[in-house]
Chemist: 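Quick one: the structure is below, and I'll ask about it shortly.
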Amino acid sequence: MISRTRHLSHVPLIAQAERHGGRTAVVDSQRFFTYNDLRDASSRVATALLAGREDLQEKRVAFLLTPGFPWVAVQWGIWRAGGVAVPLPLNSTRSEMEYFIDDTKASTLVFDAQAEPLLAPIAAVRGIRGLSCDQVLACQPAELPDIANERRAMILYTSGTTSRPKGVVTTHANITAQIMCLIEAWEWSADDHILLCLPLHHVHGIVNVVSCALWSSATCEMLPRFDANAVWERIAGGSVTLFMAVPTVYVKLIAAWDAAPPERRATLSEACTKLRLMVSGSAALPVSTLERWKEISGHTLLERYGMTEIGMALSNPLRGERVPGSVGTPLPSVEVQLVGEDGQPVAPGTPGEIEVRGPSVFAEYWGKPDAMRDAFRDGWFRTGDTAVVENGVYRILGRTNIDILKTGGNKVSALEIEETLREHPSVAECAVVGVPDPEWGQRVAAAVVLKDGGALDLPSLRAWAKEFLAAYKLPSRLLVLDALPRNAMGKVTKPAIKAMFQGAGSDN
Ligand code: AMP
């Protein structure tokens, strides 16, 4: 017998938000929506999805909507109907969309007018329901099922740098734990007002920004997409208290600030003092970016480390010293250990692979039991990232298989070499990879983007770098690029860079 309820939801995030009533939950395109609006809209969506059934029983509902109020209403509607939410990435190709839809065996697709030309034909060919967002938001609400906390809630796809993306399944309990640890660590409150400029197919935007805000009775203001001037405009507006982004966003905000006339720069810098916290994560934050941002905004960015599979795991402190180049210590309820190749914990100061345990760790890789078995050791999730603890704080050395280079018997962190190369006066951006080499195992290969008017060749780079890096860490191959290849989250796609070196022959 399914227990049913008209209003109160048992999904913890929604139950929590239902207490916030008439407060402003979401702002998009100058429109304001309260928590009551969100409750009503999500019950309409849920009823439309149920179409007379009592409970979606974890059927997958994939949706593609521009960030805004309807996006949240649809996500919550799927949850309230008992479905599993599959947020699709904007700007994906048709074949990528088809992969996500087929892999999850989605029963229904929900889209806005912009996404309809792409998704409606995909739904029609497969004989699955394709619903417009306007249609589901207009439905008359009916009774909704109660949803147990342990049920599957969401599938997010990993970046899939080496194989096809894997679907990461989290339960409502996992998502609740991912939210709660950030609420506590970063002291979210109802007075907060956060600006979202990240895509909504990734844990960073969905959990750290939107879900934490709505748990706290705070306001989440959503931009449809990242635009540096639009972000500055909203910061200048003076109501934003929190900002969270990936390092490339900060790089673009710095460029926009640099391009502004002096009076405008002063206004923007002054406006930053109204914010209480600015966070960076999802990729390594170059120390040079942290320092430049501090000059502009007065904020020492709080860097944290996390992953789709685990939510956030390590964070610099809200209060207390934030160590540049480090990601701090474990968040509340998250257990972290570093292990060597033998699976045993390493001594402080020795690099090891990060393993994570706790209630925020995901439930399963969708339909991939083998990947699931490989991903855990004795109940600990093996992140595939290497880190070292120095002076009590964690420093990320990079992806074990990609960023930890083995050259001439030495292990080298690509991230460390990148930090040094960024100090070169001609280098704007860089990415270091290991390329296979019969003599060295791997050679240190650097792809760089030059500053305007900069020039660089391998001998001069090596001559400059040997003051700062041991000989075995010096790049022995160099590629000068117009831009580094990046994914939708702004992360550098290192396999693409490796392929460029392999395609370029050994002269570079
Ligand atoms: P994703 O699942 O797309 O969020 O990617 C997670 C990966 O991003 C991690 O496994 C790390 O390799 C990387 N990452 C996240 N945060 C940081 C950070 N602060 N510093 C360095 N790498 C990071």
Side-chain angles (χ1 to χ4, degrees), residues 87 89 154-163 165-170 174 178 182 185 198-209 244-250 278-287 289-290 293 300-317 322-331 334 336 338 351-356 360-362 365 371 375 381-390 393-404 413-419 422 431-433 486-495:
M154 186 157 70
I155 302 180
L156 297 179
Y157 276 84
T158 58
S159 335
T161 43
T162 45
S163 54
K166 294 194 280 286
V168 174
V169 181
T170 40
N174 296 145
Q178 293 180 359
L182 297 183
L198 298 168
L200 285 179
H201 64 272
H202 190 269
V203 63
H204 198 162
I206 297 174
V207 173
N208 300 19
V209 178
M244 298 181 192
V246 294
T248 41
V249 161
Y250 288 104
M278 303 186 98
V279 178
S280 171
S282 296
L285 173 67
V287 173
T289 307
L290 175 141
W293 188 254
T300 301
L301 288 172
L302 180 156
E303 185 173 7
R304 56 62 182 176
Y305 160 87
M307 194 174 184
T308 308
E309 285 88 336
I310 57 173
M312 300 304 111
L314 297 161
S315 171
N316 272 285
R322 297 177 194 159
V323 181
S326 104
V327 290
T329 53
L331 282 158
V334 183
V336 177
L338 296 184
E353 181 171 343
I354 307 175
E355 293 190 340
V356 175
S360 43
V361 175
F362 73 123
Y365 285 122
F381 173 65
R382 308 164 69 175
T383 62
D385 288 309
T386 294
V388 61
V389 176
E390 292 163 342
V393 295
Y394 285 76
R395 187 160 63 87
I396 306 292
L397 299 174
R399 298 290 301 154
T400 310
N401 291 334
I402 298 177
D403 294 312
I404 306 301
S413 159
L415 270 51
E416 276 182 353
I417 301 175
E418 289 164 8
E419 273 298 349
R422 271 190 216 103
V432 168
V433 294
R486 292 181 187 273
N487 69 13
M489 279 299 287
K491 289 193 206 201
V492 175
T493 44
K494 292 212 167 171

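Side-chain atoms are counted along with the backbone in the values below, which use heavy atoms only and exclude waters and symmetry mates. The residues of the chain are indexed from 1 along the displayed sequence. All ligand and atom numbering here is 1-based and tracks the order in the structure.
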Chemist: Using ring-ring contact (aromatic ring centres under 6.0 Å, His included) as the criterion, list what pairs up with Phe362, not counting sequence neighbours.
Modeler: Tyr365, Phe376, Phe381
Chemist: State which residues pass salt bridge (Lys or Arg N to Asp or Glu O under 4.0 Å) with Arg382; sequence neighbours excluded, sorted by chain then number.
Modeler: none
Chemist: Name the residues in contact with ligand 1, where contact means a heavy atom under 4.0 Å away: which are they?
Modeler: Ser159, His202, Ser282, Ala283, Ala284, Glu303, Arg304, Tyr305, Gly306, Met307, Thr308, Val327, Asp385, Ile396, Arg399, Lys491
Chemist: Any side-chain heavy atom of Val356 within less than 4.5 Å of one from Ile354?
Modeler: yes
Chemist: Measure the CZ-CG distance between Arg399 and Asp403 for me, rounded to the nearest 0.5 Å.
Modeler: 8.5 Å
Chemist: Between Asn316 and Arg304, is any pair of side-chain heavy atoms under 4.5 Å apart?
Modeler: no
Chemist: Run the side-chain hydrogen bond (donor to acceptor under 3.5 Å, both in side chains) test against Thr386 and tell me which residues pass, sequence neighbours left out.
Modeler: Thr400
